[in-house]
Trainee: 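Submitted below is the structure of interest, expressed as structure tokens.
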Number of protein chains: 2
Amino acid sequence: MVLAMGRRSDHTRAELEELILSAGHALVAEVGLGGFSAREVARQIGYSIGTIHNVFGSSDRLIAALNTRSFVAWAAFLREQLEAVGDDGDRLAALVAGYFDFARQHTHWWTAIYDHRLPADTSLSEADEAGRGLLTGIVVDEVARALSRPVDETVVTLSRSLIATVHGHCAFAIGGAWALMGGSDAEATALARVRETLSAVTLDTR
Amino acid sequence: MVLAMGRRSDHTRAELEELILSAGHALVAEVGLGGFSAREVARQIGYSIGTIHNVFGSSDRLIAALNTRSFVAWAAFLREQLEAVGDDGDRLAALVAGYFDFARQHTHWWTAIYDHRLPADTSLSEADEAGRGLLTGIVVDEVARALSRPVDETVVTLSRSLIATVHGHCAFAIGGAWALMGGSDAEATALARVRETLSAVTLDTR
DNA sequence: ATCATCAAATGAGCACCGTTCAATAGATTA
DNA sequence: TAATCTATTGAACGGTGCTCATTTGATGAT
């Protein structure tokens, strides 16, 4: 039997990782997490299933890496939106719009992030954690700016909660629960909640 | 070949449905949506795979029915919590605690609700929609009560947003994102947001 | 230049999954 | 009792993720 091919070195390890991530990210965008298959990724890049496992360890870890890639793209998208409105624009509205727009434009990427659960015995790699922190950082900076305050514990605590609030509205909007409950504009409602909270804090600490 | 057994009528159709739902719900509780298998449900109730498909049409529709069952249990749980605090207790706190407690005590049921996506060509049955509406109804009533107002469009709109807010905080808490961002008590934060919003509305319409 | 060593890549094999559908046998009706 | 009906079956099919003995290209030593 002539079965194994041994090391080919068509690509370096780093190139191979990028190849897999790139093809995998495109596949998630196309078919969503439900239709995702590590085998299909292997097929598309012309490597075998075994190679995917060699490089990423498991399908779950590959998906985690793909979701981190989505987070990074999302953070970049938010930065662009903020850049576009400029220093005097409505930066909070841009931030909320950026959250929703990313979810609407890249629904499969977005739902994959929140639908995927790592097995209990697995945890995020440091690279994954770092990538996912970018988004939080952007929001923290904007909240500090909106409150004319330095980035302190209060601002971080508040940002966390505001992200959760916007996320809840966005998750319901994308998942259909918002419409099921008879709602129309989830984004506007989310923005109203954000303004409300920030103005409550402003009153509080004045 | 001696293969098929034909109709046995050990159970009526309704009994069979209940048998499948009951075993399926227990299986989801045990292994989560990721480990769920319609074949395993069939095995546990002593019927064949084919029967599950005869009764529910597809694995996705079975899961939708199981999630509806979770919603109904959740609504009952909330009612108990409200009953327990009584008319003069902190009913809003009970509601938020009930939301979080259900998710914490029945994590697999809770995550299954939000992780599952019906295929694009399938939609919820009317029974499913009704079951899921129970929870909204409970919150609407409590919000009206908190504001000393009748149940009108304003109250419904507000309730929708408050559910989304609490959901966002709970989703992050259960999913680990809250801790990843350095947060500690998501429930307390969610309750603070709810109080804030309700007091803003009270000021507004006075 | 040759050889031994090493590790990257393979893919058949395994145990599972959901879905389909012809065959069957128990219940019902004639 | 016989004919009909239909609930139930489970093999078959095409997929999945994961494992690991095997192979072979590249590397380092002689």
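Naming: A, B, ... by sequence-line order, numbering from 1 per chain.
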Trainee: Identify whether any heavy atom of B/Thr51 sits under 4.0 Å from a base atom; if not, whether one sits that close to sugar-phosphate; answer base, sugar-phosphate or nothing.
Mentor: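 Answer is base: heavy atoms of B/Thr51 come under 4.0 Å of a base.
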Trainee: To the nearest angstrom, how far is B/Phe36 atom CZ from C/dG18 atom P?
Mentor: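 Whole-Å distance recorded here is 7 Å.
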Trainee: Looking only at side-chain atoms of B/Arg39, point me to the closest of C/dT10, C/dT19, D/dT9.
Mentor: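 So the nucleotide nearest the side chain must be C/dT19.
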Trainee: With a 4.0 Å cut-off on heavy atoms, is B/Leu16 in touch with a base, just the backbone sugar-phosphate, or nothing at all?
Mentor: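 Sugar-phosphate contact only - B/Leu16 comes under 4.0 Å of backbone atoms but never of a base.
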Trainee: For B/Ser37, report the nucleic acid contact type (base, sugar-phosphate, nothing); a contact means any heavy atom under 4.0 Å.
Mentor: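 Sugar-phosphate, backbone atoms only, no base.
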Trainee: Tell me the interatomic distance from B/Tyr47, atom OH, to D/dG10, atom P, rounded to whole angstroms.
Mentor: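 About 12 Å, once rounded to whole Å.
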Trainee: How many whole angstroms separate atom CZ of A/Arg61 from atom P of D/dG17?
Mentor: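 Those two atoms, CZ and P, are 15 Å apart.
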Trainee: What I want to find out is whether B/Asp141 reaches B/Arg79 closely enough, with some N-O distance under 4.0 Å, to be called a salt bridge.
Mentor: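 Looking at B/Asp141 and B/Arg79, the cut-off is not met.
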Trainee: Charged N to carboxylate O below 4.0 Å: is that the case for A/Glu17 and A/Arg13?
Mentor: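 The answer is yes: the pair qualifies as a salt bridge.
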Trainee: Roughly how many Å is it from NE2 in A/His11 to P in C/dA9, rounded to a whole number?
Mentor: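 These atoms are roughly 10 Å apart.
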Trainee: What integer distance in Å separates A/Leu62:CG from D/dT16:P?
Mentor: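 Whole-Å distance recorded here is 14 Å.
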Trainee: Between B/Glu129 and B/Arg132, does at least one N-O distance fall below 4.0 Å, as a salt bridge requires?
Mentor: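 So B/Glu129 does not pair with B/Arg132 through a salt bridge.
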Trainee: With heavy atoms under 4.0 Å as the rule, sort B/Ser48 into base, sugar-phosphate or nothing.
Mentor: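 Counting heavy atoms under 4.0 Å across all strands, the contact made by B/Ser48 includes a base.
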Trainee: Using atom CG of B/Leu27 as one end and atom C1' of C/dC17 as the other, report the distance to the nearest whole Å.
Mentor: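 The answer, rounded to whole Å, is 13 Å.
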Trainee: When all nucleic acid strands are considered with a 4.0 Å heavy-atom cut-off, which category describes A/Arg43: base, sugar-phosphate, or nothing?
Mentor: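 A/Arg43: backbone/sugar contact only, no base atoms under 4.0 Å.
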Trainee: D/dA7 P sits how many Å from B/Phe56 CZ, rounded?
Mentor: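 Spelled out: CZ on B/Phe56 to P on D/dA7 is 16 Å.
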Trainee: With the side chain of A/His53 defined as its heavy atoms from C-beta on, choose the nearest nucleotide among C/dG18, C/dT10, D/dT19.
Mentor: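 In terms of side-chain proximity for A/His53, the closest of C/dG18, C/dT10, D/dT19 is D/dT19.
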Trainee: Rounded to the nearest angstrom, tell me the gap between atom CD1 in B/Ile49 and atom P in D/dC13.
Mentor: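 Atom-to-atom, B/Ile49 to D/dC13, this comes out as 14 Å.
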Trainee: Run the salt-bridge test on B/Asp90 and B/Arg195 with the 4.0 Å N-O cut-off and return the result as yes or no.
Mentor: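 So B/Asp90 pairs with B/Arg195 through a salt bridge.
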Trainee: Return the orientation label for the A/Phe172 and B/Tyr114 ring planes: parallel under 30°, perpendicular over 60°, tilted otherwise.
Mentor: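 Rings of A/Phe172 and B/Tyr114: parallel, as their planes differ by under 30°.
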